[in-house]
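Below, each value reflects all heavy atoms present in this structure, side chains not excepted, and no hydrogens, waters or symmetry copies. We number each residue from 1, following the sequence as shown. Each ligand, and each atom within it, is numbered from 1 in the order the structure gives.
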Amino acid sequence: MSSIIQKGGKRPIIIAGPCSAETEEQMMETALQIKEFCNIDMLRAGIWKPRTRPDSFEGVGEVGLSWLVDAGKVLGVPTTTEVANTKHVEQALKAGVDILWIGARTTVNPFAVQDIADALKGVKIPVMVKNPVNPDLELWIGAFERLEKSGITELGAIHRGFSVYKHAKYRNVPNWEIPIALHERLPDLPIINDPSHITGNRNLLLEVSQKAMDLNFDGLIIETHRNPDVAWSDAAQQLTPENLGVLLDSLVLRSQNSEKLDSEHISVIREKIGDLDDRLFDILTARMQLSEELGIFKKEHNITILQPEHWKKIISARLNRASEYKLSDRFVRQVMDAIHQESIRHQVRVMNHSSDKEEQ
Ligand code: PEP
Ligand code: MN
């Protein structure tokens, strides 16, 4: 079959289905409701579930594969499930699952990814790879390279967020800069966002899905269940097919290509931004010249470069004004930290006459 997951094809690609296949009836009933309320491109269901604790439901196993495949037939869409080892690959292929995905807990382990890649040698099947649970772009890219070396040509990435010790708003922090960097490195790779596993909360699915669309992601994978509250896994983040239909209808899809627009207005704004950026860098250069003067003074009076108490005062004064600037605390802190590091680099240079090479 020609792949659903491809760049430049239908956008957004919608993958939906329950977190786990639980019973034949639950799979079929969920599929029928999806058929009634949503337009999806691929049906998902977990058959083998990597769970954090041993007494959680760990998936129905091989028996569920035919439930998934049959439900896909009813919907007329291809099916996908997670594989974590060669046995899963063999059983999923035998059952006729159309697309495989590698889960976040498997992507972290190059041995496991290599075993799966080896089991797929000579097989023509699309494979999606979820980001590893740790925010490691190279590890994620390494998984694509292993699959490519095995001859898998149709690849997709799933951004499901990254583990944290203490949950804040989301179950997994999105770290959007990582899938954005993935896109810069592998521009032809479609990237699907997984708001279900990022948020862990059905009430937050829309805001994350919309953000993914505004960041040009190629699709969404969202968990849906006929009766989410009694789902055997990930109950809080699943929503009914009816509510999924409402969510999909309320997504705003904006044009990906600003060049296509009548661009007078946009180019005026971009020019102004360019001018402001020029000024910002002129100011930063002047700022660093002062840092060098300070470095010379500190050298003459034999005092150390780092004055932590003074720096703390500067940061907190700035943070106190963050809301006045309409900037987030996080951004103010990041900017000030970057300025501080650069300032130290300049002071070290004048103090020790070291070369201009950047210290890492
Ligand atoms: C899932 O998609 O149900 C799943 C287990 O996801 P992850 O590997 O992202 O935790
Ligand atoms: Mn899940």
Geometry only, no angles: is A104 polar-contacting ligand 1 at N/O separations under 3.5 Å? yes
Are a donor atom and an acceptor atom from the side chains of [X] and [Y] found within less than 3.5 Å of each other?
| X | Y | value |
| --- | --- | --- |
| H197 | D234 | yes |
| Q33 | E29 | yes |
| Q210 | D214 | yes |

Of the listed options H159, E223, R171, K130, closest to atom 7 (P) of ligand 1 (non-hydrogen atoms):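 Looking at heavy atoms only, the winner is K130.
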Taking atom 4 (C) of ligand 1 as the point of reference, which of Q238, Q237, R160, H197 owns the nearest heavy atom?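 It is H197 that holds the nearest heavy atom.
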Short list, please: which atoms of ligand 1 are under 4.0 Å from a heavy atom of R44?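 With R44 as reference, the close atoms of ligand 1 come out as 1 (C), 2 (O), 3 (O).
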Can you list the ligand 1 atoms lying under 4.0 Å from a non-hydrogen atom of G103? 8 (O)
Looking only at heavy atoms, what is the nearest atom pair of H88 and N85, with distance?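 Shortest heavy-atom separation between H88 and N85 comes out as N-OD1, 2.8 Å.
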I need the nearest protein heavy-atom contact for atom 3 (O) of ligand 1: residue, atom name and distance, please.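 Answer for atom 3 (O) of ligand 1: K49 NZ, 2.7 Å.
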Evaluate the side chain to side chain contact (heavy atoms under 4.5 Å, CB included) criterion for residues I125 and L120: first the C-alpha distance (whole Å), next the side-chain angles of each, then the deciding distance (0.1 Å), finally the verdict. CA-CA 8 Å; I125 192 165; L120 286 171; 3.9 Å; yes
The atom of E223 among N, O or S that is nearest the Mn ion (ligand 2) is OE2
Do you know which N/O/S atom name in D234 is closest to the Mn ion (ligand 2)? OD2
Contact between E36 and P241 at the side-chain level, heavy atoms closer than 4.5 Å - yes or no?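 Sidechains of P241 and E36: no contact.
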Compare all side-chain heavy atoms of T86 with those of D118 and state whether any distance is below 4.5 angstrom. no
Give a yes/no verdict on whether any heavy atom in C19 is under 4.0 Å from an atom of ligand 1. yes
